[in-house]
J.: 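This is the structure, below, for whatever I ask next.
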Amino acid sequence: MLARVANNLFWMGRYIERSEHIARYLNVNYFSSLDAPNVKSQDRQFVLRSMLFMLGDPEKDDAKILKEEDVLFSIGLDTNNPFSIISTVKLARENANSARDLISTELYEAINKFYHFVLNYPKGVFVKNGLHDFTSNIAEMTAILRGKIRGTLLHDSVYAIIMMGINIERATQITRMINSKYNDALLSQGSHGDKFSKSFEWTTLLKCAESYDMMRRFYKKTPTSISTLEFLILNPNCPRSVMNSLNQVNEHVRILNPEKRYNKESTGFLIGRVRAEYEFKYIEEIEKDIKAFIENILDSLVQISDKVDEEFFNY
């Protein structure tokens, strides 16, 4: 396999996963605000700013009144915004085109269907009353794509590269969601007695990560800052957790480099070191300085992605 083609597969996986997380964050954040228990979390400006913050494009002017239609269009269907859903879907399809001979017809057709759904979605409908329909379809179609990847590809190096991209992106997006909701919990505390540790924003975060029901089943109590962060960061059995994603990346890099003993410059060594660091952390340690943790894990994920590029895709 050419290094260039391997790179295309890796980023195809990343862009598919990214589009789903952005869509789910839009959906849950918007609609959960309609029945939020405090005034701050119900405030539309607060919700729109949270969306932009998660995307990495926060509105710095606190006095500015954001227009809902403009914000939704920018995040959803603005082709001039490189971080929008439509831009990520286009890039996913471009990368799939470049590796067409290595993926199944079923997967390629599903990617094309996904692309044309987003490309042809009426912009006027989306910003007026199509948010739920659009984002729900994005989440369903990306789930179908992951099913096609698992169910129609040989579980060899091609599969490993795609899944490595998916899991690195999943860990990145979950961390970005944690960062955004941590910020929201700080801003909303004090509104109708809402305390940081029991903020409604932790429930919203779990729903954004499709982990609310399993978290309630695991802890058997209402979400708090500690239980939510522990579940989404350290629980290896939660499929959306950072730890689970790192474990998956570790498994897939072993397919690409099956050496039992890695040298210290290898991707496998770096992933192992990062996994070990978080495997033996306890959540109270992370909660003492959540901002530092978020910066560290995002930096580690960037290093892993760069190391993957350097070792496997350098051409």
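Bear in mind the structure is a predicted one, so any value in this text is a computation, not a measurement.
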J.: How would you list, by chain and number, every residue that makes a side-chain hydrogen bond (donor to acceptor under 3.5 Å, both in side chains) with Tyr108, sequence neighbours excluded?
T.: Asn97
J.: Without swapping roles, check the side chain of Asn167 against the backbone of Met163 for a donor-acceptor pair under 3.5 Å.
T.: yes
J.: Provide the closest heavy-atom pair for Ser41 versus Val47 in the form atom of the first, atom of the second, distance.
T.: O-CG2, 3.8 Å
J.: Is a side-chain donor-acceptor pair under 3.5 Å present for Tyr219 with Glu230?
T.: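 Side-chain D/A pair, Glu230 to Tyr219: present.
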J.: Who pairs with Lys67 by salt bridge (Lys or Arg N to Asp or Glu O under 4.0 Å), at least two apart in sequence or on another chain?
T.: none
J.: To the nearest 0.5 Å, what is the distance between CG on Leu232 and OG1 on Thr175?
T.: 9.5 Å
J.: Counting N and O atoms only, with roles assigned by atom type, does the side chain of Lys198 sit under 3.5 Å from a partner on the main chain of Lys195, one being a donor and the other an acceptor?
T.: no
J.: Is His21 close to Ile174 at the side-chain level, that is, under 4.5 Å between some pair of heavy atoms?
T.: yes
J.: Which residue pairs pass the salt bridge (charged side-chain N to carboxylate O under 4.0 Å, His left out) test when at least one of the two sits in residues 175-184, sequence neighbours left out?
T.: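 Salt bridge (charged side-chain N to carboxylate O under 4.0 Å, His left out) check on residues 175-184 returns Lys181-Asp184, Lys181-Glu201.
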J.: What pair of heavy atoms forms the shortest contact from Met215 to Ser227, and how long is it?
T.: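 Of all heavy-atom pairs spanning Met215 and Ser227, the closest is CE-OG, 3.0 Å.
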J.: Salt bridge or not for Lys148 and Glu106, using N-O below 4.0 Å?
T.: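 Salt bridge between Lys148 and Glu106, a charged N being under 4.0 Å from a carboxylate O: no.
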J.: Looking only at non-hydrogen atoms, find the nearest pair between Tyr25 and Met54 and report the distance.
T.: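 Smallest interatomic distance, heavy atoms only, reads CE2-CB, 3.6 Å.
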J.: How far does CD of Glu59 sit from OG of Ser50, to the nearest 0.5 angstrom?
T.: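 Output value for this atom pair is 14.0 Å.
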J.: Is there a side-chain contact between Leu256 and Val308 (heavy atoms, below 4.5 Å)?
T.: no
J.: Does the Glu311 side chain pair with the main chain of Ser266, one donor and one acceptor, at a distance under 3.5 Å?
T.: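 Not confirmed, Glu311 side chain does not pair with Ser266 backbone.
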J.: Only one of Arg93, Met141, His116 forms a side chain to side chain contact (heavy atoms under 4.5 Å, CB included) with Ile111, so which one is it?
T.: Arg93
J.: On the ring face of Phe269, is Lys264 found with NZ or CZ under 6.0 Å from the centre and within 45° of the axis?
T.: no
J.: Taking all heavy atoms of Leu153 and all of Ile103, pick out the closest pair and write down the distance.
T.: CD2-CA, 3.8 Å
J.: I'd like to check Phe200 versus Lys40 (side-chain heavy atoms, cut-off strictly below 4.5 Å). Are they in contact?
T.: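 Result no, sub-4.5 Å side-chain heavy-atom pair not found.
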J.: So, does Ser245 use its side chain to make a donor-acceptor pair with the main chain of Ser241 at under 3.5 Å?
T.: yes
J.: If you count every heavy atom of other residues, nucleotides or ligands that lies below 6.0 Å from Lys291 atom NZ, does the total exceed 12?
T.: yes
J.: Do Phe196 and Trp202 have ring centres separated by under 6.0 Å?
T.: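 Yes: the rings meet the under 6.0 Å criterion.
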J.: Can you tell me how far apart CD1 (Ile168) and NE2 (His252) are? Round to the nearest 0.5 Å.
T.: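 Going from the CD1 atom of Ile168 to the NE2 atom of His252 covers 10.5 Å.
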J.: Apply side-chain hydrogen bond (donor to acceptor under 3.5 Å, both in side chains) to residues Glu68 and Tyr30 and explain how you reach the verdict.
T.: CA-CA 11 Å; Glu68 181 178 315; Tyr30 186 94; 2.8 Å; yes
J.: Give the C-alpha distance, both sets of side-chain angles, the deciding distance and a yes or no for side-chain hydrogen bond (donor to acceptor under 3.5 Å, both in side chains) between Asp299 and Gln303.
T.: CA-CA 6 Å; Asp299 185 55; Gln303 287 180 38; 2.8 Å; yes
J.: Rounded to the nearest 0.5 Å, what separates atom CZ in Phe313 from atom CG in Asn7?
T.: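 CG of Asn7 is found 5.5 Å from CZ of Phe313.
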J.: Working to the nearest 0.5 angstrom, can you tell me the gap between Glu109 CD and Thr152 OG1?
T.: 10.5 Å
J.: Any side-chain heavy atom of Phe293 within less than 4.5 Å of one from Ile233?
T.: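 Of all side-chain heavy-atom pairs linking Ile233 with Phe293, at least one is under 4.5 Å.
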J.: Using modelled atom types and a 3.5 Å cut-off, is there a donor and acceptor pairing between side-chain atoms of Asn27 and backbone atoms of Ala23?
T.: no
J.: Would you confirm whether Arg216, through its side chain, and Ser211, through its main-chain N or O, come within 3.5 Å as a donor-acceptor pair?
T.: no
J.: Suppose the criterion is ring pair (Phe, Tyr, Trp, His ring centres under 6.0 Å): which pairs have a residue in residues 31-67, not counting sequence neighbours?
T.: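 Matches after skipping sequence neighbours: Phe31-His132.
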J.: So, using salt bridge (Lys or Arg N to Asp or Glu O under 4.0 Å) as the criterion, who are the partners of Glu287 when residues are at least two apart?
T.: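 Salt bridge (Lys or Arg N to Asp or Glu O under 4.0 Å) check on Glu287 returns nothing, list empty.
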J.: Shortest non-hydrogen contact from Val242 to Ala171?
T.: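 Of all heavy-atom pairs spanning Val242 and Ala171, the closest is CG2-O, 4.2 Å.
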J.: Which distance, rounded to the nearest 0.5 Å, do you find between the CG of Leu102 and the CG of Asn8?
T.: 10.0 Å
J.: Thr224 versus Leu229: any side-chain heavy-atom pair under 4.5 Å?
T.: no
J.: How about Asn183 and Asn179: does a side-chain donor come under 3.5 Å of a side-chain acceptor?
T.: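 No, because no side-chain N or O of Asn183 sits under 3.5 Å from a partner of the opposite role on Asn179.
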J.: Phe126 vs Tyr121 aromatic rings, parallel, tilted or perpendicular, using cut-offs 30° and 60°?
T.: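 Phe126 and Tyr121: perpendicular rings.
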J.: Taking all non-hydrogen atoms of both residues into account, name the closest pair between Phe10 and Ile161 and its distance.
T.: N-CG2, 3.6 Å
J.: May I ask you to decide if the ring planes of Tyr159 and His155 are parallel, tilted or perpendicular, using 30° and 60° as cut-offs?
T.: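 The rings of Tyr159 and His155 lie parallel, inter-plane angle below 30°.
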J.: Examine distances only and state if a side-chain atom of Asn257 and a backbone atom of Val253 form a donor-acceptor pair shorter than 3.5 Å.
T.: no
J.: For residues 270-280, please give each side-chain donor-acceptor pair under 3.5 Å, one per line with the distance, not counting sequence neighbours.
T.:
residue: Arg275; atom: NE; partner: Asn247; partner atom: OD1; Å: 2.8
residue: Arg275; atom: NH2; partner: Asn247; partner atom: OD1; Å: 3.3

J.: Sequence neighbours excluded, which residues qualify as salt bridge (Lys or Arg N to Asp or Glu O under 4.0 Å) partners of Glu265?
T.: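 Once residues adjacent in sequence are excluded, the partners of Glu265 under the salt bridge (Lys or Arg N to Asp or Glu O under 4.0 Å) criterion are Lys307.
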J.: Determine, stepwise, if the pair Ser305 / Arg14 fulfils side-chain hydrogen bond (donor to acceptor under 3.5 Å, both in side chains).
T.: CA-CA 11 Å; Ser305 184; Arg14 290 201 68 161; 3.0 Å; yes
J.: Which pairs would a plain distance check flag for residues 74-83, meaning a side-chain donor or acceptor within less than 3.5 Å of a matching protein atom at least two apart in sequence or in another chain?
T.:
residue: Ser74; atom: OG; partner: Asn81; partner atom: ND2; Å: 3.3
residue: Asp78; atom: OD1; partner: Asn80; partner atom: N; Å: 3.0
residue: Asn81; atom: OD1; partner: Phe83; partner atom: N; Å: 3.0
residue: Asn81; atom: ND2; partner: Ser74; partner atom: O; Å: 2.9

J.: Test of understanding: with salt bridge (Lys or Arg N to Asp or Glu O under 4.0 Å), list the residues that count as partners of Lys123, not counting sequence neighbours.
T.: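 Partners of Lys123 by the salt bridge (Lys or Arg N to Asp or Glu O under 4.0 Å) criterion come out as none, since no residue qualifies.
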J.: Can you check whether Cys238 reaches Phe218 side chain to side chain, under 4.5 Å on heavy atoms?
T.: no
J.: With no hydrogens and no angle check, just 3.5 Å: does a side-chain donor-acceptor pair link Thr88 and Ser19?
T.: no
J.: Kindly write out the residues that satisfy side-chain hydrogen bond (donor to acceptor under 3.5 Å, both in side chains) with Glu20, not counting sequence neighbours, or none if the list is empty.
T.: Arg24, Arg146, Arg240
J.: Could you tell me whether a side-chain N or O of Ser300 sits under 3.5 Å from a main-chain N or O of Asn296, the two making a donor and an acceptor?
T.: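 Present.
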J.: Holding to ring pair (Phe, Tyr, Trp, His ring centres under 6.0 Å), I want the full list of residues that pass it with Phe114, two or more places apart in sequence or in another chain.
T.: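 Partners of Phe114 under the ring pair (Phe, Tyr, Trp, His ring centres under 6.0 Å) test: none.
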J.: Heavy-atom distance under 4.5 Å between the side chains of Arg44 and Leu34, does that happen here?
T.: yes
J.: Sequence neighbours left out, what passes side-chain hydrogen bond (donor to acceptor under 3.5 Å, both in side chains) with Arg150? Give chain and number order.
T.: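 Scan of Arg150 (side-chain hydrogen bond (donor to acceptor under 3.5 Å, both in side chains), adjacent residues dropped) gives none.
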